Amino acid sequence: MKLTILMYHKIDELTPSVRYPGNYVTPAQFARQMDALLMWGYRTIRFDRWLDYRDGRATDLPEKPLIVTFDDGYTCFDRNAWPVLKARGMGATVFLVAGQIGGTNAWDREEKQEPLLDAPRIRQLQGEGVHFGSHSYNHAALARIPEARALDELKKSRATLTAVLGRAPDVVAYPFSNQNRAIRRMAEEAGYRCAVRGKGRMNWKWNDPFGLRRIKPGNDLGDLRRTLLRERYVRVF
Ligand SMILES: [Zn+2]
């Protein structure tokens, strides 16, 4: 069994002021991808189900478990992604930058500034079944800053999100996918149960739960299909 985790950022139309179009998937393409994933047999689960399966406490996972994730917590998730997922009975995990809730992607000065979900809306979405995780406090590249600051980013974001959500987040997404072995152990020390990065691969049971790999879909359904087929059937490790 392999766990597939997809990594999206913004589900929105491209405008001329966008600097990094690679972080956008159009709403129509996103809906096509969700329909295709269901048709290919993928079914969404939550991170805790995967951890239970790893620990031998869950045996009834779907054959192709899937987690659909969204980095940064943009309001376009609310407008363009969640309605699509909800209508199909699919789940989502959104990674929030705890120090920028209700703000914009201020860490990305050169990029078009997009609004981020605020606390009341985050709580409503949680009530509707959206799962929220941490994406650090300031969107810091954790392996490139002093260790004490990296640990603080992980701990402070967890504490802030615990206050917003009414429960502690169990998963963290490393900003810019920037991490190393020391950062992975730090995420564990900070109290998370698992963590995700990029890397474009699927996950086996024996992969480090603090280094879970994600696949980043673009705007081409054929590309996504080829990537998933290669990862599922061609690559063994
Ligand atoms: Zn991010």
Side-chain angles (χ1 to χ4, degrees), residues 4-12 14-15 17-26 30 47 67-82 85 92-119 121-122 125-126 130-145 149-161 164-165 169-180 183-184 186-187 190 192 194-201 203 210-219:
T4 304
I5 311 175
L6 298 179
M7 168 174 59
Y8 292 98
H9 290 78
K10 288 164 261 198
I11 308 300
D12 216 342
L14 276 174
T15 61
S17 53
V18 169
R19 179 120 185 236
Y20 303 107
N23 283 338
Y24 285 75
V25 171
T26 66
F30 180 74
F47 282 95
I67 301 177
V68 185
T69 72
F70 299 84
D71 282 10
D72 306 336
Y74 297 103
T75 56
C76 61
F77 166 79
D78 196 4
R79 283 195 311 281
N80 299 328
W82 182 231
L85 293 162
T93 297
V94 178
F95 293 109
L96 301 168
V97 181
Q100 286 294 337
I101 286 174
T104 65
N105 46 318
W107 60 88
D108 236 359
R109 278 277 162 230
E110 305 117 59
E111 178 58 297
K112 180 186 177 192
Q113 294 298 296
E114 300 271 12
L116 299 166
L117 295 166
D118 62 17
R121 188 58 190 146
I122 288 167
L125 286 167
Q126 181 175 248
V130 176
H131 177 226
F132 288 96
S134 165
H135 197 34
S136 85
Y137 195 80
N138 291 306
H139 206 281
L142 299 176
R144 294 199 200 109
I145 59 176
R149 265 187 61 206
L151 184 59
D152 190 53
E153 283 276 339
L154 291 163
K155 285 186 170 171
K156 199 170 158 191
S157 62
R158 191 160 185 268
T160 304
L161 293 176
V164 171
L165 302 168
D170 54 0
V171 51
V172 56
Y174 304 112
F176 311 105
S177 291
N178 181 247
Q179 47 81 46
N180 55 29
I183 298 296
R184 294 197 290 275
M186 234 179 250
Y192 298 97
C194 61
V196 296
R197 53 177 165 163
K199 208 149 193 310
R201 306 289 303 270
N203 301 279
F210 289 90
L212 292 172
R213 294 104 58 109
R214 295 187 291 173
I215 290 168
K216 183 179 181 180
N219 269 297

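When a ligand or atom number is given, it counts from 1 through the structure's own listing order. Worth knowing before you read on, the calculation uses all heavy atoms, side chains too, and leaves out hydrogens, waters and symmetry mates. The shown structure was predicted, so the numbers you read here are calculated from the model rather than taken from an experiment.
To the nearest 10 degrees, the Zn ion (ligand 1) sees NE2 of His139 and NE2 of His135 at an angle of 90°.
In Arg79, the CZ atom is crowded: over 12 heavy atoms of neighbouring residues, nucleotides or ligands sit closer than 6.0 Å.
A salt bridge is defined here as a Lys NZ or Arg NE, NH1 or NH2 lying under 4.0 Å from an Asp or Glu carboxylate O, and Asp12 with Lys112 fails to meet this definition.
For a distance bound of 2.8 Å, the N, O or S atoms of His9 include none lying that close to the Zn ion (ligand 1). Residue Asp72: an N/O/S atom is found under 2.8 Å from the Zn ion (ligand 1).
Between the CG atom of Asn138 and the NE2 atom of His135 there is a distance of 12.0 Å, given to the nearest 0.5 Å.
The salt bridge (charged side-chain N to carboxylate O under 4.0 Å, His left out) pairs that include a residue from residues 99-110 are Arg19-Glu110, where partners are two or more places apart or lie in different chains.
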